[in-house]
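Report on the structure given below.
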Amino acid sequence: MRKAIAAVGVLLLLVGISGTIDHLFHQPFFGFVLNSVNRWVIPNIGFLAGYELYANLTVAAVGAALAIASYRSA
């Protein structure tokens, strides 16, 4: 279970970083998977309009926290 939570955390970290890169520049690598939050979730949430960069960085921070917490739990 801990490895699955760590994998989800790492995936969220990658999705957040990739979304941030895609928002600032154009990211052609693994766009369907890694940019899914940036392209389909964030534009459909009204209060995140105009704050896409912060939303992607928050996704990355939550993923990093989740991965770190799963590795540190005994």
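Atoms considered below: every heavy atom in the structure, side chains included; atoms not considered: hydrogens, waters and symmetry mates. What you see is a predicted model, and the numbers here were worked out from it, not measured in a lab.
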Among pairs that include at least one residue of residues 42-65, which meet ring-ring contact (aromatic ring centres under 6.0 Å, His included), considering only residues two or more places apart or in two chains?
none
Can you list the residues that meet the side chain to side chain contact (heavy atoms under 4.5 Å, CB included) rule with [X], with sequence neighbours excluded?
X: Leu11; result: Val15
X: Ala67; result: Val10
X: Ile68; result: Arg72

Exercise: identify the closest heavy-atom pair between Ala55 and Ile42:
CB-CD1, 3.6 Å
Shortest non-hydrogen separation from Ile17 to Ala60 and the atoms involved
N-CB, 4.0 Å
Can you tell me how far CG of Asn35 sits from CG of Leu14, rounded to the nearest 0.5 angstrom?
11.0 Å
The side chain to side chain donor-acceptor pair (under 3.5 Å) partners of Asn38 (sequence neighbours excluded) come to Asp22, Asn56
